[in-house]
Structure formats: C-alpha cells, structure tokens
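Everything on this sheet refers to the single structure shown next.
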Amino acid sequence: MKQPQSANEKPTTALNFLEQIIQKDLKEGRAGGRIHTRFPPEPNGYLHIGHAKSICLNFGLANKYNGKCNLRFDDTNPTKESLEYVNAIREDVRWLGFDWEDREYYASDYFEKLYEMALFLIRKGKAFVCEMTGEEIAEGRGTPAIPGKLSPWRERPVEENLDLFERMRKGAFPDGSKVLRAKIDMASPNMHMRDPVMYRIMRATHHRTDDKWCIYPMYDWAHGQSDYLENITHSICTLEFEVHRPLYDWFLDNLEIKDNRPRQYEFARLNLNYTVMSKRKLLELVEGGYVNGWDDPRMPTISGIRRRGYTPASIRMFSDKVGVAKRENVIDMALLEHCVREDLNKNAPRVMAVLDPVKLVIDNYPDDHTEELQAICNPEKPEDGHRIVPFSKTLYIERSDFLEDPPKKFFRLSPGKEVRLKYAYIIRCEKAVKDASGNITAIHCTYDPDTKSGMGSTKKVKGTLHWVSAEHSVEAEVRLYDRLFNEPSPDNAAGDGDFKESLNPLSLKIGKALVEPSAGDAKAGDRFQFERTGYFCIDPDSQPGKLVFNRTVSLRDSWAKQQKDK
RNA sequence: UGUCCUGUGGUGUAAUUGGCAACACGUCUGACUCUGGAUCAGAAGAGUCCAGGUUCGACCCCUGGCAGGACAACCA
C-alpha cells in the first residue's frame with residue numbers, strides 16, 4: 001500500500017474529514033489501497049468558484065493519495081445540456097491546472113449498460129413500468145410526513161414490465177406516458193426511497209448520442225452506477241445529496257454489487273459573501289443584461305474570475321484555505337482577494353500608471369529634455385531585472401496625491417511639501433493652478449537634481465508618488481471592478497424581494513488611465529501591478545493601439561482605510 | 001411538526017480520538033520601506049448552542065432540549 005506523500009511533507013497540517021476517511025480506508029486496505037475520485041459536472045451551465053472548490057478537492061485528493069480523478073459529464077438530460085458547456089467546462093478545469101488524462105467520461109457512455117442493469121432489476125422484481133402521469137406520481141408520493149400511495153401498476157408481472165420497458169426504449173409510447181420506477185418503499189420517511197423514477201420517455205436530441213435514445217436515466221440511477229462503472233472509490237458531492245445516499249446504496253445493493261463499491265460522501269458547498277452562486281441566479285444576471293456575459297469579470301464564474309485576472313494558483317490556494325467540512329459556511333471575499341494578492345505580489349511585474357491624472361510641471365527642469373530612468377520590474381523578484389521609464393518636465397500624477405489643505409499625516413504632495421517621485425527625484429510643490437471653477441489644472445514643482453534615484457542621496461521624505469511622463473505615456477482604458485452586490489448575502493437580504501435589488505450600481509467604473517510606455521505592448525492576459533494602486537490585467541477586448549486593463553484587485557491601502565474609518 | 005445533517009473567536013478550519021482551544025483571513029498596534037504595498041514584531045478577540053449526566057478530567061461520550069440546513073422535478 002502506498003503511503004500518502006503529502007502526509008510526510010506536511011505532517012503538522014490537520015486533515016479534513018475526507019482525508020481522515022481516506023487515510024483510514026488506505027490503512028484498512030479498502031479497494032486495494034486505491035483512491036479514485038471524479039468531478040461530475042452537468043454540462044448545463046458555466047462553472048463557478050464553488051465548482052472550483054469541488055474540482056480542487058477531487059483532483060487534489062487524488063493527487064495527494066496517488067490516485068486518479070476522472071472528469072465525467074453527467075449528461076442525462078439532453079433538454080438542458082450542450083456541447084458549448086462541455087467545452088467551457090473542459091477549459092475551466094484545465095485552466096485551474098488539473099489533468100484528467102484520457103479519463104474524460106460521459107454518463108451517456110453508459111446508457112446501454114444502465115439499460116441492462118435496469119433489466120436486471122426488473123427481472124428481480126425491483127423495478128416496474130408505471131403509467132401514472134407526472135402529477136399523479138407527485139400526488140401519490142405524499143409528503144415527508146405523510147406516506148405515499150402505491151402505484152396501481154406496482155405489481156405488474158415481470159414479463160409485462162420487461163416487454164413494456166423494451167418498447168419504451170424502442171419508441172412505442174409517447175413522451176411522458178410511462179416511466180420506469182424502482183420498487184422500494186412508498187412509506188419511507190425518505191422521499192427519495194418512495195419508488196423513485198429511473199427512466200423517463202423524452203424525445204430529445206442528445207449532444208452525444210443524438211437520437212439514439214428516447215428514454216433517459218434519472219440522476220440517482222445514472223450517477224451511482226456510473227461511479228461503479230468507473231471504479232470510483234470515493235464519490236464526493238455536496239450536502240444536498242446526503243438524503244440521496246440511501247438510494248445510492250440501495251441501487252448498488254440490489255444490483256448485487258459486492259466488490260469495488262463506491263461510497264458517497266458529502267461536504268458543504270462554498271458560499272462567498274457579496275455574490276450569488278446559484279446557476280439560476282447567475283443565468284438571470286446574464287440574461288437580464290445585469291452583467292456582460294458569463295465571463296464578466298464581476299461574475300463568480302471561473303471564466304469571469306479568469307478574465308478578472310485571478311491566477312489558477314490563487315484559486316487553488318483559496319480552495320485550500322477555505323477548508324472542507326460539513327457545516328454551512330460563508331467565506332469572506334477578503335480571503336479570495338488575499339490569495340490573489342499573495343500570488344500577484346510575488347509574480348506580477350510593476351508598472352506605473354495614473355488612473356486619475358493631474359498635470360505636474362517641474363519648473364526648474366530643462367524643456368525638451370528626457371531622461372531614461374532605471375526601474376526595478378519586481379522588488380520581490382530581483383532576477384526579473386529592470387525596465388526603462390522616461391522622465392521629463394511635464395508629468396502626470398494621481399489627482400488624489402495632491403491636497404491643497406492636507407490633513408495630519410498626509411504624506412503626499414501639498415504646497416511647500418516635498419515628496420519623491422518614484423525612481424526619479426525629490427520634488428517640492430510650489431503652487432497649484434486652478435481654472436475658473438476652482439478645479440486644479442496643474443501643479444508646479446521644483447526638483448532637487450541631487451536626489452536622483454540611485455545616486456545615494458540621503459535626503460528622506462515621507463511620501464513616494466507614482467507618475468508618468470506626459471509626452472511618453474500611453475493612454476489606456478481601465479475597468480475598475482468592485483463587488484457585484486452591496487449586501488453580504490444578497491439571497492437573504494432581499495427577503496421576499498428580488499436579490500437583484502442589492503446589486504451594486506458602482507460595480508464597474510470605466511476610466512482612462514495613462515500608463516508608462518513599457519506596458520504599451522502588453523497582450524491579453526498579461527498581469528501587472530500598477531504601483532500603489534492595484535493589480536491589473538489586459539482584457540481580451542484590448543487592441544494593439546487601444547489597451548484595456550481590468551483591475552483584478554486593489555492594493556491594500558491603509559491610508560484609504562484610515563480615512564474611511566473617520 | 002417525518003427522516004437525515006450541522007452547531008468552536010467577526011469569518012473559515014483544527015484540537016494527535018477524553019488532558020483546561022490552535023491556525024488562517026480579517027481587525028488593531030509598532031518597526032522598516034524610494035509602493036501608506038510587501039516584510040517583520042506584537043495585541044485584542046471564543047471557554048466550544050443550552051441544560052443535565054458519566055469521568056480525576058468533556059469541544060470530544062450519554063440523555064433531553066434549542067437553533068440552522070437538506071429532502072415532497074419524469075432536474076442534477
């Protein structure tokens with residue numbers, strides 16, 4: 001039996017309940033010491049950060065314990081599924097950094113086997129063809145507190161069931177006219193055991209099996225058996241399937257499966273504050289035009305988060321930190337942001353960009369003169385070297401970096417005060433020029449030539465500002481994103497109202513920025529830290545002469561926080 | 001008023017299976033800094049849903065409550 005490697009790497013790390021189960025299973029030699037999981041999405045929508053947790057969990061467990069993880073599409077309902085979603089899901093899982101090798105499976109691959117297994121149950125008298133309508137079945141099922149009624153077709157002879165079921169497959173009956181049901185217990189306190197439907201007649205073209213089938217298996221019937229057919233050892237799903245587990249086991253029992261039985265385990269799904277996670281609500285946001293598609297950078301979808309500039313490593317780190325347990329949870333968005341900052345701080349090259357420019361003129365600097373200054377690409381990674389940043393008489397700085405009448409502890413520019421221009425000189429503010437309505441149109445300064453960066457000047461100032469040279473800077477569009485909702489839990493906050501009422505109208509602000517020339521030829525997907533403001537990435541909408549940056553997340557800003565708290 | 005699951009700092013997750021609760025995020029100090037970033041040092045914050053019981057000793061075991069969640073698609 002193999003010993004889990006990671007257990008040796010991180011002996012002090014506490015194990016989550018699934019890891020404890022797995023280690024116990026490994027120790028006891030269950031399934032021959034084999035670990036095999038699967039990520040089983042239904043291709044009926046885009047994956048979101050909650051799915052990312054499941055992906056990281058399933059693939060992560062397999063990696064950690066030298067096992068395997070399959071990608072299996074749970075495609076048993078052709079009316080809702082499509083190839084578009086299949087492809088999007090594949091891309092997302094791959095982007096997250098996981099490899100299912102040649103194990104890309106589909107529940108639809110098992111339709112024939114599932115059909116034969118159903119025949120087996122019919123022959124055992126454990127399944128029957130029911131001719132009640134959908135409404136009748138629903139009524140007859142009772143309620144959690146009231147037992148259901150037996151179907152009038154429940155005691156049909158085996159031969160008749162066999163004949164009917166075969167003809168169902170052949171298309172002898174209209175859609176919805178008959179179903180195959182497991183014969184279990186209409187009085188069970190567990191609703192899922194009240195003769196659940198296994199097959200329905202549905203003439204729909206399937207994205208893989210085309211029109212080959214007109215009967216399709218239901219989730220409970222297909223899922224567990226698919227797990228078995230793939231030799232899955234640990235079938236991990238979310239809490240809402242907990243009540244399905246007795247049925248999952250019933251099918252295995254009655255199919256008389258003794259060896260290599262998969263087991264189902266449930267964990268609590270991920271919830272994030274200030275967003276919604278249900279597919280239905282996400283779809284509503286897309287279709288109602290509240291966002292610009294599934295990959296809108298404000299969406300909690302994997303494609304949205306990717307476009308926003310998050311890295312796969314940051315998502316994996318996040319999944320790791322949120323933990324795995326069985327109790328409902330709401331994770332703070334701040335944790336997700338912490339994870340990207342951590343990754344990007346180490347890996348994103350720095351660049352200077354001014355988001356809200358105001359002109360700054362250095363009166364004693366020669367006209368028409370340009371200096372090429374050396375700037376470090378990433379202080380966290382000296383090996384990345386330097387870049388050149390042009391400096392000249394007329395610059396732009398951030399409007400918020402100047403205050404005529406500054407409060408205490410304002411380390412930036414104000415009349416008579418000195419600051420350093422990053423990588424350049426220390427300047428002193430002489431005066432601000434305003435227009436008729438009092439807006440500042442230009443700030444005039446003088447510089448001290450002896451304070452050039454790298455010259456070893458000992459002069460100290462409290463503040464350092466980022467800037468760009470007016471003549472050399474490149475104009476770019478910046479899309480500043482904020483949380484999509486104003487309420488920590490939009491679902492509940494609305495009460496009986498609409499969750500969309502708590503949508504943040506300021507979740508997207510589009511602006512123009514001036515960027516230093518070294519970032520002028522950035523390509524889609526490139527990520528940067530704009531010094532002092534945040535992490536940004538190039539959006540796919542970006543064109544060679546027309547850059548578009550998305551703000552992934554701002555830098556932590558203790559000054560802004562301090563001001564806000566006042 | 002049926003069945004099942006869950007209750008540990010603000011948030012999330014631990015506690016070597018009974019030995020007076022740890023880690024992360026967040027928060028707050030301070031140091032350092034040519035990013036008010038990063039880094040470093042430190043602090044505050046729970047006595048584990050409640051009530052009993054077992055035990056020398058309970059977050060952990062037992063009993064009874066309470067609270068929250070899941071389940072009544074021919075969805076997954």
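Proteins get letters first, then strands, A, B, ... in listed order; numbering begins at 1 in each. Since the model is a prediction, treat every value here as computed from it, not as a measurement.
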Let me have a per-nucleotide readout for nucleotides 71-76 of chain B, 5' to 3', with B, S or -, counting only protein heavy atoms under 4.0 Å. SB-BSB

Please tabulate the protein-to-nucleotide N/O contacts below 3.5 Å involving nucleotides 43-46 of chain B, giving atom names and distances.
none

To the nearest Å, give me how far apart CG (A:L239) and P (B:G69) are. 13 Å

Spacing of the C1' atoms in B:A21 and B:C40 (rounded, Å): 27 Å

So, using side-chain hydrogen bond (donor to acceptor under 3.5 Å, both in side chains) as the criterion, who are the partners of A:R167 when residues are at least two apart? A:D163

Reckon A:N273 touches a base, only the sugar-phosphate, or nothing at all at heavy-atom distances under 4.0 Å? nothing

Identify all stems in which RNA chain B takes part, counting only runs of at least 3 consecutive pairs (Watson-Crick or G-U wobble, each distance under 3.5 Å), and give each as one range with another, ordered by first number. B:2-7 with B:66-71, B:10-13 with B:22-25, B:27-31 with B:39-43, B:49-53 with B:61-65

Separation of atom NZ in A:K27 from atom C1' in B:U16, rounded to whole Å: 12 Å

Check the distance between B:C5's P and A:Q264's CD and give it to me in whole angstrom. 13 Å

Does A:F73 reach a base, just sugar-phosphate, or nothing at all? Heavy atoms under 4.0 Å. nothing

In this structure, how many angstroms lie between the P atom of B:U35 and the CG atom of A:D401, rounded? 13 Å

B:U16 glycosidic conformation (syn if within 90° of 0, otherwise anti) is anti

So, are A:E131 and A:R156 salt-bridged, with charged N and O less than 4.0 Å apart? yes

List for me each residue that meets ring-ring contact (aromatic ring centres under 6.0 Å, His included) alongside A:W250, sequence neighbours excluded, and say none if there are none. none

Using the salt bridge (Lys or Arg N to Asp or Glu O under 4.0 Å) criterion, which residues pair with A:R72? Sequence neighbours excluded. A:D227, A:E230

Let me have a per-nucleotide readout for nucleotides 21-30 of chain B, 5' to 3', with B, S or -, counting only protein heavy atoms under 4.0 Å. ---SSSSS--

Taking only residues two or more places apart in sequence, or in another chain, which ones meet A:D448 in a salt bridge (Lys or Arg N to Asp or Glu O under 4.0 Å)? A:K459

Output the rounded distance in Å from CD (A:E19) to C1' (B:U13). 12 Å

Parallel, tilted or perpendicular: ring planes of A:Y219 versus A:H244, cut at 30 and 60 degrees: perpendicular

Once salt bridge (Lys or Arg N to Asp or Glu O under 4.0 Å) is applied, do any residues pair with A:R208, and if so which ones, sequence neighbours excluded? A:D109

Report which part of the nucleic acid A:Y216 touches: base, sugar-phosphate, or nothing (heavy-atom distance under 4.0 Å, all strands). nothing

Most 5' of A:Q529 and A:A325 on RNA chain B, judged by nearest nucleotide: A:A325

Just jot down the side-chain contact (heavy atoms from CB on, under 4.5 Å) partners of A:R428, sequence neighbours excluded, or say none. A:E418, A:E430, A:T446

Where the side chain of A:N161 meets the backbone of A:V129, is there a donor-acceptor pair that is under 3.5 Å apart? yes

Look at the side-chain N and O atoms of A:R327 and state whether any lies under 4.0 Å from the OP1 or OP2 oxygen of B:U8. yes

Who are the side-chain contact (heavy atoms from CB on, under 4.5 Å) partners of A:K281, not counting sequence neighbours? A:V276, A:S278, A:D491, A:F499

The single option from A:K183, A:R154, A:R141 passing salt bridge (charged side-chain N to carboxylate O under 4.0 Å, His left out) against A:D195: A:R154

Whole-Å distance separating the CD1 atom of A:I146 from the C1' atom of B:U3: 14 Å

Does the ring center of A:F391 lie less than 6.0 Å from the ring center of A:Y425? yes

Strictly distance-based, threshold 3.5 Å: is any side-chain N or O of A:Q23 a donor or acceptor partner for the main-chain N or O of A:Q20? no

Classify the nucleic acid contact of A:R194 as base, sugar-phosphate or nothing, counting any heavy atom under 4.0 Å across all strands shown. nothing

Looking at every heavy atom in both A:K409 and A:W559, which two are closest together, and how far apart are they? O-CZ3, 3.3 Å

Just the rounded figure in Å: distance from C1' of B:G37 to NZ of A:K381. 17 Å

How is A:G140 classified with respect to the nucleic acid when contacts are heavy atoms under 4.0 Å: base, sugar-phosphate, or nothing? nothing

Across the strands shown, which category fits A:I331 at heavy-atom distances under 4.0 angstrom: base, sugar-phosphate, nothing? sugar-phosphate

Between A:R245 and A:E266, does a salt bridge (Lys or Arg N to Asp or Glu O under 4.0 Å) hold up when you go through it step by step? CA-CA 9 Å; A:R245 181 149 34 95; A:E266 310 85 13; 2.6 Å; yes

Nucleotide B:C32, atom P - distance to NZ of A:K460 in whole Å: 11 Å

Among all residues two or more places apart in sequence or in another chain, which pass the salt bridge (Lys or Arg N to Asp or Glu O under 4.0 Å) test with A:E240? none

Between the base of B:G12 and the side chain of A:E328, is there a donor and acceptor pair under 3.5 angstrom? no

Phosphate-side-chain proximity, A:Q20 and B:A15, N/O vs OP1/OP2 below 4.0 Å: yes

When we call it a touch if two heavy atoms are under 4.0 Å apart, what does A:E242 touch: a base, just sugar-phosphate, or nothing? sugar-phosphate

Which part of the nucleic acid, if any, lies within contact of A:V461, taking any heavy atom under 4.0 Å across all strands shown: a base, the sugar-phosphate backbone alone, or nothing? nothing

